[in-house]
Amino acid sequence: MHIKALLTQHIEAVFAELGLQSPALIQAASRPEFGDYQANGVMAAAKRAGINPRDLAANVITKLNSNANFSAMVSATDVAGPGFINITLAASFVAPALTVAINPTPAPQTVVVDYSAPNLAKEMHVGHLRTTIIGDSVVRVLEALGHRVIRQNHVGDWGTQFGMLLTYLEDSGNESDELSDLENFYRASKQRFDDDDDFRDRSRRAVVALQSGDANALAQWQRFIDISMSHCAHIYDRLGITLSDDDIMGESAYNDDLAGVIEALAAAGLLQRSEGADCVFLDQFKNKEGLIQPVIVRKSDGGYLYATTDLAAVSHRARRLEANRALYFVDARQSLHFKQIFAVARAAGFAPETMQLEHMPFGTMLGKDGKPFKTRQGGIIKLADLLDEAERRAAALVREKNPDIGLEQLNQLAKVIGLGAVKYSDLSKNRTSDYVFDWDQMLSFDGNTAPYLQYAYSRIQSVLRKSEVDPTLLPSNAIAEDQPERRLAVCIAGFNDVLQQVAEEGYPHHLCAYLYDLATRFTAFYEQCPILVSDDAQRTRRLSLANSAGITLQKGLDLLGIDVVDHM
RNA sequence: GGCUCCGUAGUUCAAUGGAUAGAACGAUCGCCUCCUAAGCGAUAGAUACAGGUUCGACUCCUGUCGGGGCUACCA
């Protein structure tokens, strides 16, 4: 059920009938006393038509009420304030939504989602959390709505830094166990690269050897990549990320396409030689002095750059994968880069006009001092260490709450709760804002956190167990009666609206906010409406509501990549 | 310099141009004879500054102050 879409349709139809072209602007009511939903569009429509907004609102309501379909879904509509329309849904309309079905989209698309993309030169650190977790959640939501999703893990497996790493690997006698700590290995080779001129030159030659397909260099490279990728796979497994080896489409995969990209750009008349490099100059990247910022696609030494690779990737996604949409969950610092890539791709015809290219940026991770974490020298926290600490803290808490718990169950609980907390703390923030990394914040188990939602879920399971009824036999369309029941039921009915929004905009924090609201409404209901001690009809109705709330929580958390447990 | 993002309670975060700016943590005070107190209730506390547009501005525009980021051969 898409409540917003239905209300929007009805109201905009009335607007049209009155000769007005204006959005209905439906949103969930900002306060409970305003009903369940509100339409904010009347004021603007009235303004444009030069009529009194409250009169228009009254007129709209009259027309709405004469529509049988609208009357069936709504129990009250009122004009409020300067011209808001407050809408209270009919309990009988809300009831069917308690089956908690996710509605498939009427217009399924092929959506490429580019996310995670760790740099294989290094070990995954906390900076990779956002793209990986947020991207995976959006992927889950898109798939749940019936879109065909193609994951693309555009790993950093190519480029100049590998010259440095392979040269260092060679110098250190090919000791593969040194690679067990990738981070140290990277740091050591970087140090050498910065200090040693000869090493630097050899590193650059190693890059050329790699790019020209030298067999020995390639073999070394492959070994390095395999080891590094297995580190990533391990992290994905722990985090429950849906990426697999099949989704790996790294930078190196486009090597054979790069020359073709240059040719195509030349054929399109876009290529210009400037200071020895092949560039594309587009008017839209002109500054105030009229100077155009070039997009360099081939260096003066003949080497390609990541811009070239990304152009090849756009082309691949458009033609081979036949994507209608491509989403890039990548750091906001690359905003200009993607603006350029998308513009060049369009100009060169690599992507059809009908294909949406969307950079879904996220903010930078900051230290507690508010300054960006420097990834170059120290200061980074490995993802593996963060997850260990999360599980350790969760285990300590679980043991404290439940001293008699068995070891196996303890570990299982600690994992679900610890990882849930880490993921939720990231997912619940607007991805575009910068991100302050703080152990205690990230591993908090109180308040608006995943454990709160998991706790609400486990309480529901507890009540259902005690009721000794089979939840699948509960009526799935109970009519809510008391106020806390209504508030809960209306919230459950809004599930599809929020999924739709996340699929369109790529902001899972809206789903988090929704689930938190749902959980607080459940808790209010739980406090105010005794379930098990009620009489038969009431008991069944309330059990049914609780069950629906539990299913919604479970499904919603699953779309965030967070598990639930029956006991906490 | 140019472009761009940001500045909201003590702290961490919310708020498609809508009504009285919401939460959480922390603080203070309450609530377990009662379906799990990882909970619930109450109190205090915020839009950097100055203009402007608008019926209505945290949100849009201009300026000031403060802080990130990007900006021709790294990715």
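In what follows, chains are A, B, ... by sequence order, proteins preceding strands, each numbered from 1. FYI, side chains are in, hydrogens and waters are out, and symmetry mates aren't considered; it's all heavy atoms of this structure.
With hydrogens and angles ignored, a donor-acceptor pair under 3.5 angstrom links the side chain of A:S458 to the base of B:U36.
If you take CZ of A:R431 and C1' of B:C5, they are 14 Å apart, rounded to a whole angstrom. The CG-P distance, from A:L515 to B:A23, rounds to 18 Å in whole Å. For A:D434 and B:U4, the CG to P distance is 17 Å, given to the nearest whole Å. One can place CG of A:D440 at 14 Å from P of B:C13, the figure rounded to the nearest angstrom.
Taking CG from A:L25 and CG from A:L7, the interatomic distance works out to 12.5 Å, rounded to the nearest 0.5 Å. From A:Y306, atom OH reaches atom CD1 of A:I296 across 10.5 Å, with rounding to the nearest 0.5 Å.
Comparing the same atom, P, in B:G10 and in B:G18 gives a spacing of 25 Å after rounding to whole Å. Using P as the reference atom, B:G41 and B:A24 are 8 Å apart when rounded to the nearest Å. The separation of B:A50 from B:G66, taken at their C1' atoms, amounts to 15 Å, rounded to a whole angstrom. Taking atom P in both B:C58 and B:G51, one finds a spacing of 14 Å when rounded to whole Å. For the P atoms, the distance linking B:A46 with B:G22 amounts to 12 Å, nearest Å. Separation of the P atoms belonging to B:G2 and B:A72 is 15 Å when rounded to the nearest angstrom. Between B:G7 and B:U11, the distance separating the two P atoms is 14 Å to the nearest Å. Nucleotides B:C6 and B:U59 have their C1' atoms positioned 13 Å apart, rounded to a whole Å.
Counting non-hydrogen atoms under 4.0 angstrom, A:E275 reaches a base of the nucleic acid. At a threshold of 4.0 angstrom between heavy atoms, the contacts of A:A277 include nucleobase atoms, whether or not backbone atoms are also involved. Backbone-only contact: A:T160 has heavy atoms under 4.0 Å from sugar-phosphate atoms and none from a base. Residue-level contact check: A:N430 touches the backbone only, with heavy atoms under 4.0 Å from sugar-phosphate atoms and none from bases. Residue A:N86 is in base contact, counting any heavy-atom pair closer than 4.0 Å across all strands shown.
The side chain of A:R459 contributes an N or O atom lying less than 4.0 Å from OP1 or OP2 of B:A37. For A:Y306, no side-chain nitrogen or oxygen approaches OP1 or OP2 of B:A75 to under 4.0 Å. Between A:H510 and the phosphate of B:A14, there is no side-chain N or O to OP1/OP2 separation shorter than 4.0 Å. The phosphate of B:U4 has neither OP1 nor OP2 within less than 4.0 Å of any side-chain N or O from A:S335. Taking only side-chain nitrogens and oxygens, A:T523 never comes nearer than 4.0 Å to OP1 or OP2 of B:A37. Between B:C35 and A:K466, no contact under 4.0 Å exists linking OP1 or OP2 to a side-chain N or O.
A:W221 and A:W158 have perpendicular rings, their planes meeting at more than 60° on a 0 to 90° scale where under 30° would count as parallel. Ring geometry for A:F342 versus A:Y328: interplanar angle of 30 to 60°, hence tilted. The aromatic rings of A:F338 and A:H359 sit tilted relative to each other, their planes meeting at an angle between 30° and 60°. Note on ring orientation: taking the six-membered ring where Trp is involved, the planes of A:H509 and A:Y507 are perpendicular (angle over 60°, cut-offs 30° and 60°).
Nearest-nucleotide positions on RNA chain B for A:P294 and A:V42 put A:V42 closer to the 5' end.
At a threshold of 4.0 Å, the pair A:E183-A:K122 does not count as salt-bridged, since none of the basic side-chain nitrogens sits closer than that to a carboxylate oxygen.
A:D536 CG: 12 or fewer foreign heavy atoms inside a 6.0 Å radius.
Contact annotation: the side chain of A:M164 approaches that of A:F199 to within less than 4.5 Å [non-hydrogen atoms, C-beta and beyond].
Within residues 445-452 of chain A, the residues having any heavy atom under 4.0 Å from RNA chain B are, by residue number, A:D446, A:G447, A:N448, A:Y452.
For A:Y455 and B:G39, the ring-to-base geometry does not satisfy the stacking test (centroid distance below 5.5 Å, interplanar angle below 30°). In this structure, A:F84 does not pack face-to-face on the six-membered ring of B:G18, missing the 5.5 Å centre cutoff or the 30° plane limit.
Glycosidic conformation of B:C60: anti, with the torsion beyond 90° of 0.
Stretches of at least 3 consecutive Watson-Crick or G-U wobble pairs, with each checked distance under 3.5 Å, appear in RNA chain B as B:1-7 with B:65-71, B:10-13 with B:22-25, B:27-31 with B:39-43, B:48-52 with B:60-64.
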